[in-house]
Amino acid sequence: MSDRSASSPGELEATDRAILRELVRDGRCSFTDLAERVGLSVSAVHQRVRRLEQRGALQGYAAKVDGDQIGLPLTAFISLTPIDPAAPDDYPQRLEHLPQIESCFSVAGDESYILQVRVASPLGLEELLRQIREAAKVSTRTTVVLSTPFENRPPAI
């Protein structure tokens, strides 16, 4: 009997969901530990992880860093609004050279994009805003993060 609990081709089987849940909790766990946690053989887990990677359900493994410890304690969200609504929507390409931008979200509403940025200081944020406005020809609205009670929570898999 299959553990297929999904009804459409884009959804995952219960076992694949369990594997993803465990990898989200601990992306560095070994295949042996993962197999034990989900009740499969090591080779079956390895095969399933490889399939999840190939289909794009598992997109990678990343280290989390502490912004304070690496000298980038200031996080902000910058909303972009086009100055000329007829201008091409190529802001991500215009801004990809700026390493301070951690995430770029296309959004619905008054703004076109919201950027998550990390910088060393208010002066660094001011300089980044100048670079963004110059490169993308947009107006900006900035929200500075005061604290982060939680971040990068895993999805409910």
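These values consider heavy atoms only, across backbone and side chains, with no hydrogens, waters or symmetry-generated copies.
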Over all atoms of both residues, closest heavy-atom pair of [X] and [Y]:
| X | Y | value |
| --- | --- | --- |
| Val24 | Pro154 | CG1-CB, 2.7 Å |
| Tyr113 | Cys104 | CD2-SG, 3.6 Å |
| Asp68 | Pro73 | OD1-CB, 3.0 Å |
| Pro82 | Val138 | CA-CG1, 4.2 Å |
| His97 | Ala135 | CE1-CB, 4.1 Å |
| Leu128 | Leu98 | CD1-CD1, 4.0 Å |

Going through the checks in order, is the side chain to side chain contact (heavy atoms under 4.5 Å, CB included) test met by Val49 and Leu34?
CA-CA 10 Å; Val49 168; Leu34 187 55; 3.9 Å; yes
Pairwise distance [atom1]([X]) to [atom2]([Y]) - rounded to 0.5 angstrom:
| X | Y | atom1 | atom2 | answer |
| --- | --- | --- | --- | --- |
| Asp110 | Leu80 | CG | CG | 13.0 Å |
| Glu96 | Ile101 | CD | CD1 | 10.0 Å |
| Ile19 | Leu40 | CD1 | CG | 5.5 Å |
| Phe31 | Glu36 | CZ | CD | 15.5 Å |
| Ser121 | Glu127 | OG | CD | 10.0 Å |
| Cys29 | Glu22 | SG | CD | 7.0 Å |

Would you mind reporting whether Arg94 and Pro88 have side-chain heavy atoms less than 4.5 Å apart?
yes
With a 4.5 Å cut-off on side-chain heavy atoms, are Leu23 and Arg37 touching?
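Arg37 vs Leu23: side chains apart.
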In terms of hydrophobic clustering (I, L, V, M, F, W, Y; side-chain heavy atoms under 4.5 Å; direct or indirect links), are [X] and [Y] co-clustered?
| X | Y | answer |
| --- | --- | --- |
| Val38 | Ile157 | yes |
| Leu20 | Val42 | yes |
| Phe77 | Val107 | yes |
| Val144 | Val119 | yes |

Identify whether the distance between the nearest side-chain nitrogen and carboxylate oxygen of Glu126 and Arg130 falls below 4.0 Å.
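A salt bridge is absent here (no side-chain N lies under 4.0 Å from a carboxylate O).
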Looking at Glu13 and Arg48, does any basic side-chain N land under 4.0 Å from a carboxylate oxygen?
yes
Taking Gln59 for the side chain and Gly56 for the main chain, is one N or O donor matched with an acceptor at less than 3.5 Å?
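Flag set: sc Gln59 to bb Gly56 pair under 3.5 Å.
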Verify whether one side chain among Thr140 and Arg133 offers a donor that lies under 3.5 Å from an acceptor in the other.
yes
One pair to check against side chain to side chain contact (heavy atoms under 4.5 Å, CB included): Gln100 and Leu74. What are the steps and the verdict?
CA-CA 11 Å; Gln100 303 92 326; Leu74 197 155; over 6 Å; no
Could you walk me through whether Ile114 and Ile78 satisfy the side chain to side chain contact (heavy atoms under 4.5 Å, CB included) test, starting with their C-alpha distance in whole Å, then the side-chain angles of each, then the deciding distance to 0.1 Å, before giving a yes or no?
CA-CA 5 Å; Ile114 297 177; Ile78 302 171; over 6 Å; no
For Glu151, does the CD atom have more than 12 heavy-atom neighbours from other residues, nucleotides or ligands under 6.0 Å away?
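Yes, because the 6.0 Å sphere around CD of Glu151 holds more than 12 heavy atoms from other groups.
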Should the heavy atoms of other residues, nucleotides or ligands under 6.0 Å from CG of Leu123 be counted, would the total exceed 12?
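No, the 6.0 Å shell around CG holds no more than 12 heavy atoms from other groups.
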Working note: Thr75 + Gln116, criterion side chain to side chain contact (heavy atoms under 4.5 Å, CB included); need CA distance, chi angles, decisive distance, verdict.
CA-CA 7 Å; Thr75 300; Gln116 180 179 350; 4.0 Å; yes
